[in-house]
Amino acid sequence: MSRSAHIDLDIVEGALEHGMPYIALGSGRPLVFLRWFTPDHANPTGMMRESEIKTLTPLAKQARVYAVNRAPGMAEGTTMADIAAQHAEALRAEFDTPVDVLGISSGGSLALQLAADHPDVVRKLVVGASGFRLEEKARAAQLNYAEAAAEGRRALHYMIPAPTTFTARLTKGAMWLLDPLGRPKNPSDTLAFVRAEDAFDVSARLGEITAPTLVIGGEHDEFYSTATFRRTADGIPDSRLVIYPGANHMGTVKHPRFAPDILEFLSEPTE
């Protein structure tokens with residue numbers, strides 16, 4: 001375990017059961033953040049680490065946030081249910097009570113699977129920029145990226161689906177150029193997770209989620225429609241939906257109401 005220079009947030013790094021890497025920061029009730037799509041099953045470094053800490057800092061002012069990644073060495077054929085089972089085992093080993101869970105993007109897929117399969121580990125659930133299954137744009141973008149990376153080809157630009165604006169086209173070009181600096185260290189992990197999420201679908205299981213749930217989406221999300229956000233929330237018995245007008249996929253996380261809405265929801269008493 002290593003300790004960061006951000007003394008006020010008491011940032012530490014370590015690994016949960018199954019070798020799942022985490023960064024923990026802040027103080028208060030545990031809030032487990034299941035990371036979005038990442039090239040490697042590792043803690044971020046450099047600018048990506050600072051960006052993650054910046055995103056989580058507002059939440060860490062009222063919670064002890066554990067940013068958790070998937071276990072490295074993911075076997076071919078692993079399913080989302082398998083990944084959720086690993087997380088459930090790790091959370092039971094680390095905490096003696098159910099914990100709040102926040103999943104964003106790919107982490108939202110995992111969070112929904114975890115809450116459906118292992119309700120005993122989830123106190124409250126927050127799903128951001130994600131839904132009950134991948135839509136075709138997200139599925140194609142991730143699979144194209146993972147397959148290209150596994151073959152040693154440039155891949156990062158695939159994560160910008162069909163750019164329609166000049167800025168998006170510039171971004172896609174920049175990602176093509178920068179790809180060699182951000183290739184996965186273990187592309188087989190990336191591909192195994194992408195294939196697991198590709199088959200992920202809890203549309204028939206939403207009614208089994210017992211944790212109070214908050215679904216947050218952006219009106220202009222590039223990967224998920226508002227209909228998917230709405231169907232996800234409508235299918236969970238104790239849930240609510242928040243749509244941020246004008247927000248895209250990452251804009252949802254950057255929205256000024258994102259952290260306050262989550263903290264308000266988590267602070268409400270449970271029955």
Side-chain angles (χ1 to χ4, degrees), residues 1-2 4 11-24 32-53 55-56 66-91 93-94 101-111 113-114 129-130 134 138-161 172 174-200 223 249-250:
M1 178 181 292
S2 63
S4 169
I11 302 176
V12 299
E13 297 191 33
L16 301 178
E17 196 167 295
H18 299 292
M20 294 190 299
Y22 75 83
I23 296 176
V32 175
F33 162 55
L34 303 180
R35 285 189 175 117
W36 36 58
F37 181 82
T38 61
D40 292 299
H41 295 181
N43 285 328
T45 59
M47 291 180 61
M48 294 302 294
R49 182 181 187 277
E50 292 305 312
S51 177
E52 177 174 282
I53 290 173
T55 298
L56 298 178
Y66 291 77
V68 179
N69 213 331
R70 277 71 70 181
M74 187 171 289
E76 183 179 353
T78 297
T79 66
M80 194 63 79
D82 296 331
I83 302 169
Q86 282 190 334
H87 281 69
E89 290 168 7
L91 295 182
E94 187 71 17
V101 174
L102 163 64
I104 298 174
S105 195
S106 289
S109 300
L110 176 54
Q113 187 81 55
L114 178 68
S130 188
L134 289 182
R139 181 176 286 109
Q142 290 188 173
L143 190 58
N144 288 338
Y145 168 83
E147 289 180 342
E151 294 168 4
R153 296 186 285 112
R154 290 180 185 265
L156 198 56
H157 61 290
Y158 285 118
M159 298 304 289
I160 302 291
K172 191 177 183 79
M175 293 175 78
W176 187 89
L177 291 171
L178 293 172
D179 177 82
L181 301 177
R183 289 185 179 175
K185 293 180 177 62
N186 188 351
S188 62
D189 272 353
T190 312
L191 187 56
F193 178 75
V194 163
R195 286 176 172 163
E197 191 175 18
D198 189 72
F200 160 78
F223 298 106
H249 192 65
M250 289 310 299

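Quick caveat: nothing in here was measured; it's all calculated off a predicted structure. If you read the sequence from its start, that first residue is 1, and numbering goes on from there.
The line from NE2 of His249 to CH2 of Trp36 is 9.5 Å long, rounded to the nearest 0.5 Å. One finds the CE atom of Met250 at 7.5 Å from the CD1 atom of Ile104 (value rounded to the nearest 0.5 Å). Note that the CG atom of Asp82 and the CZ atom of Arg70 stand 14.5 Å from one another [nearest 0.5 Å]. With rounding to the nearest 0.5 angstrom, the NE2 atom of His18 is 5.0 Å from the CD atom of Gln86. Between the NE2 atom in His157 and the CG atom in Asn144 there is a gap of 8.5 Å [rounded to 0.5 Å]. From Thr78, atom OG1 reaches atom CZ of Phe193 across 11.0 Å, with rounding to the nearest 0.5 Å.
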Practice task
Could you go through the side-chain contact (heavy atoms from CB on, under 4.5 Å) check for Asp189 and Asp40 one step at a time?
Solution key: CA-CA 7 Å; Asp189 272 353; Asp40 292 299; over 6 Å; no

Exercise for the section: Test Arg49 against Glu13 for salt bridge (charged side-chain N to carboxylate O under 4.0 Å, His left out), laying out the working first. Expected result: CA-CA 11 Å; Arg49 182 181 187 277; Glu13 297 191 33; 2.9 Å; yes

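Contact detail for Val101 and Ala111: the closest heavy-atom pair is CG1-CB, 4.0 Å. Here the closest heavy-atom approach between residue Glu197 and residue Ser106 is recorded as OE1-OG, 2.7 Å. Between Asn69 and His87, the shortest heavy-atom contact is O-NE2, 4.1 Å. A pairwise comparison of heavy atoms in Leu16 and Ala90 identifies CB-CB, 4.0 Å as the closest pair. Between Asn43 and Tyr22 the shortest heavy-atom distance is ND2-O, 3.0 Å. The two residues Gly19 and Pro72 have their closest heavy-atom pair at O-CD, 3.4 Å.
Around the CD atom of Glu151, the shell of radius 6.0 Å holds more than 12 heavy atoms that belong to other residues, nucleotides or ligands.
With sequence neighbours excluded, the residues forming a side chain to side chain donor-acceptor pair (under 3.5 Å) with Glu52 are Arg35, listed by chain and number.
In this structure the side chain of Phe37 reaches within 4.5 angstrom of the side chain of Val194, judged on heavy atoms. Using a 4.5 Å cut-off on side-chain heavy atoms (C-beta onward), Ser130 and Leu110 make no contact. Pro39 places a side-chain heavy atom less than 4.5 Å from the side chain of Tyr145. Here the side chains of Leu91 and Leu114 are in contact, with some heavy-atom distance below 4.5 Å. In this structure, Ile83 and Met74 have side chains that are in contact, with non-hydrogen atoms separated by less than 4.5 Å. The shortest side-chain heavy-atom distance between Gln142 and Leu134 falls under the 4.5 Å cut-off. Contact of the Glu76 side chain with the Arg195 side chain is registered, since non-hydrogen atoms from C-beta on lie closer than 4.5 Å.
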